[in-house]
Structures are given as C-alpha cells and as structure tokens.
Number of protein chains: 2
Amino acid sequence: MSLKHAILVLLETEPGSGYDLLKQFNSSVGYFWNAKHQQIYQQLKVLSEQELITFAIEKQENRPDKKVYKITNNGINELKTWISCPVKPNKVNDALLVKLYGGHLTNKENLITELQQHLDSHLKTQAYLKQVEQTFLNLPSDKKKKYQLPYLTLRRGILGEEAWIMWANESIEAIKK
Amino acid sequence: MSLKHAILVLLETEPGSGYDLLKQFNSSVGYFWNAKHQQIYQQLKVLSEQELITFAIEKQENRPDKKVYKITNNGINELKTWISCPVKPNKVNDALLVKLYGGHLTNKENLITELQQHLDSHLKTQAYLKQVEQTFLNLPSDKKKKYQLPYLTLRRGILGEEAWIMWANESIEAIKK
DNA sequence: TCTTGCATGTAAGTAGTTACATGATTCC
DNA sequence: GGAATCATGTAACTACTTACATGCAAGA
C-alpha cells in the first residue's frame, strides 16, 4: 500500500486538494504513480483520520470550495520511517504482452494496429516528459540542486518510454515481415 | 482482470498444473506477468467451473499427485475474443520512485544502497533473459518462426531491463556527486 | 447545447496479498 | 537436523476499479 506514501510525498512538497493530487497522478508524476479520484479521496480521509495530514477548506469564487490538505509532523515522521525501509521490487503485469504472446490466435493487422495505438500514446507521453525535462534543465543551478531527486525519477520515466518506443518499433517491423 | 487470460495463454501453449504456472510466472514469463500460488489456484478453480479449462489428475511416484489443466475449445474462443479487443495501457505504480522523489528525507547512502540492491536483482534478471534469448536464437529457423511472438515479448523484457539498469547507474552516479 | 474542467463523495464489486494449513522427498 | 522443492488449498484482509451521484462555470 504505497498510495498512502505517494500522497504523503506529494503533500510534503506542496499542500493541495484531492483534485490537485489527481491532476499530478494523471500528468506530472504519472510515470511513477497512478490513482483514480475515488481512491484518492478515500485515502485522504483515512490519512486525515490518522492525523498524518490535515486540511483547511478554501472558498473560491465561481468554483466549488476545496479542501487543501497538508502534511503534519506525524506524516513526515511516517514518511521518513517508510523511506528508510527497503521496498519490494515492482510487480509487472502487462496485458499487452499477454496478447502478443498469444498473438497467433489473431491476425497480424490486428496486432500491429494495437501496437501502433499504444506506441502513439507512449510517444505523446515521452514528448511531454522531455518537455518537463527541458524546463528543469533551464532552471538556475540552485533550483536544479533542490529538484535533483525528482529529476532522477523523471529520467526514469523518459528512459522507460524510450525503451518502450524502441521495442514497439522493432516489434512492428518484425511482425510485418 | 487478465490473470485469467495470462493463464489461458500459457495453457494454450502447453497443459500444466497450477504449480507449473507458478514456476512460469516466477521465471520465464515473469517479465510480463506475476501471480502468487493462492491467486493461481483460485483462478484455476473458477476457470474450470466456467469450462474454459479442464483437468486430469496425474499420479506421480515420490511426489504429490497433480492436476494437469488444459484449455478447452470454449477457452480458446474466449482467448480469441479477448485478444481482438484493445487493452488499456499499463498502469504504473512504482514505490521505489516514490521513495526517490522524497529522498531528501533520508540520507544519500540509504538511497544508494537501495538502488544498488534493486540494480543487482535487475542485472540478474537481465542476464537470465539474455540467456533465454540465446537459446531462442540457436533454434532452427522453423522453430524461430513458431516462437516469433513470444520472442518479441522477451525482447520487451530485455530492453526494459536494459533501460532500468542504465537509469540506475546514471542515478547512482548523480546522487554520489 | 454540449463538452470540458473544477470539485467531492458513496457503494458495490473485483483483484491481489498475507496468513494459515498440510505433507512427502531430496539435498546439504 | 534443516532448508528447498514439489503440490494444493482456505480465509481474512487490503487495494483498486466501476458504477452511481451532484452541481456550477466556461468555452465551443
């Protein structure tokens, strides 16, 4: 259960609402964590009951009110404890590869079409991540130092997408022949 | 829910017991699917109730009896249907990156130690996958044709590990400085 | 008018993990 | 004597998804 820690880590960087967290999971940190709004709101409730976070209701004009959550000292301690314990290697469950493995049960066009669609979305993600990287690289060096570790996670996203794209191109070519 | 289809795909290639499937998930196809024995046995029960697979009890000497499952025609049809429908892109949830993102809450040595441990296990996996690749490449060309699609999934495993290893080396260097 | 974005939630169901449970054989 | 491999399962729990639910504002 690391959604808990993913939320704490994001709130440790900057306070925000459930909706703000959702946007981060759907974009900027989507290469390392994903969650639906239903899960996020539930977890925020649990975390605030455990007093790892607190919230203040912020009234807005022309928009619904929002609950702005921030991490507590307890929350920071919890994070520190968690960070110093080893995590298990990531579990891989990739349905696309299951399909490809059994791809002789369908035709080549079908496989290529699907690979191509996934490839398009990976290309978009990669372009986005590289753009974020550029923004980082143009920061003054003190800021760069500050964001060094998040930047390393971004690099993982970029290198991961790159490898995926290379593989997909290689595979599409191989299937065509 | 693709454990169902992962099992069907493996049984379509070759009949086997729950234990055989477990071994495959833990080694040869671990780069695309993972599951615990508890989940596998449960799913096998469900699949045989749905008549997508059947089993025969095989008596063994000096070993416990085993249930050897094989896919039925219904099972193959179910697989074909599933394979021709698009799958969603894979969800990423990587606790190690969460830790790194919040790595300023611990010390560098800690981060490097953990990265190094994960790196070791990725190096082992990569070496294993490359060895499997060599076995494939030494097959006669008719067999190569037959296993082309599973081989493409193996390539994904290899390229994925390669990218991970590159990233980890890059990151360890960056943190040291 | 219709879609997208903002903003939050509950309820029911599915998928996956952890803990518990057994028992023979083989290898160190 | 103890760990690893073979072989299968149940029960309780946690994590995650899908469906349901609301409502205003801005822009096309």
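Chain A is the first sequence line, chain B the second, and so forth, proteins listed ahead of strands; every chain is numbered from 1.
- In this structure, A:Arg155 pairs ionically with A:Glu133, as a charged nitrogen and a carboxylate oxygen lie closer than 4.0 Å.
- What separates CD of B:Gln60 from C1' of C:dT26 is a distance of 15 Å, to the nearest Å.
- Distance from the side chain of A:Lys91 is smallest for C:dT17 among the nucleotides C:dA7, D:dC6, C:dT17.
- Nearest to the side chain of B:Lys66, among C:dG9, D:dT8, D:dA26, sits D:dT8.
- Nearer the 5' end of DNA chain D, as judged by each residue's closest nucleotide, is the contact made by A:Ser2, out of A:Ser2 and A:Arg63.
- Projected onto DNA chain D by closest heavy-atom contact, B:Pro64 and A:Trp33 fall at different nucleotides, the more 5' of which corresponds to B:Pro64.
- Within the structure, every side-chain polar atom (N or O) of A:Gln42 is placed at least 4.0 Å from both OP1 and OP2 of C:dT10.
- Put simply, OH on A:Tyr69 is 11 Å from C1' on C:dA7, counting in whole angstrom units.
- Dashed line: the shortest gap from a side-chain N or O of A:Asn62 to OP1 or OP2 of D:dC24 is not under 4.0 Å.
- B:Lys59 places its NZ atom 21 Å from the P atom of D:dC6, with the value rounded to the nearest Å.
- The side chain of A:Tyr41 contributes an N or O atom lying less than 4.0 Å from OP1 or OP2 of C:dT8.
- Taking atom CD1 of B:Ile7 as the reference point, atom P of C:dG16 lies 10 Å away to the nearest angstrom.
- The two residues B:Leu97 and A:Thr153 come nearest to each other via the heavy atoms O-CG2, 3.5 Å.
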Can you check nucleotides 18-21 of chain D for protein contacts, nitrogen or oxygen pairs under 3.5 Å, and list what you find?
from	atom 1	to	atom 2	distance (Å)
D:dT18	OP1	B:Lys88	NZ	2.4
D:dT18	OP2	A:Lys36	NZ	3.3
D:dA19	N6	A:Gln38	NE2	2.9

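- Side chain of A:Ser2 to main chain of A:His5: no donor-acceptor pair is present (N/O by atom type, distance under 3.5 Å, no hydrogens or angles).
- Within the 4.0 Å cut-off from OP1 or OP2 of C:dT8, not a single side-chain nitrogen or oxygen of A:Lys45 is found.
- Residues B:Tyr147 and B:Phe136 place their aromatic rings such that the two centres sit no closer than 6.0 Å.
- Between B:His122 and B:Trp164, the ring planes are parallel. Angles under 30° get that label, and only those over 60° would be called perpendicular.
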Check: Going through the distances and angles, do B:Asp94 and A:Arg156 end up as a salt bridge (charged side-chain N to carboxylate O under 4.0 Å, His left out)?
Finding: CA-CA 11 Å; B:Asp94 191 333; A:Arg156 170 68 200 129; 5.0 Å; no
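- Rounded to an integer number of Å, the gap from CG of A:Asp20 to C1' of C:dA7 is 10 Å.
- Relative orientation of the A:Phe55 and A:Tyr69 rings is tilted, given thresholds of 30° and 60° on the angle between their planes.
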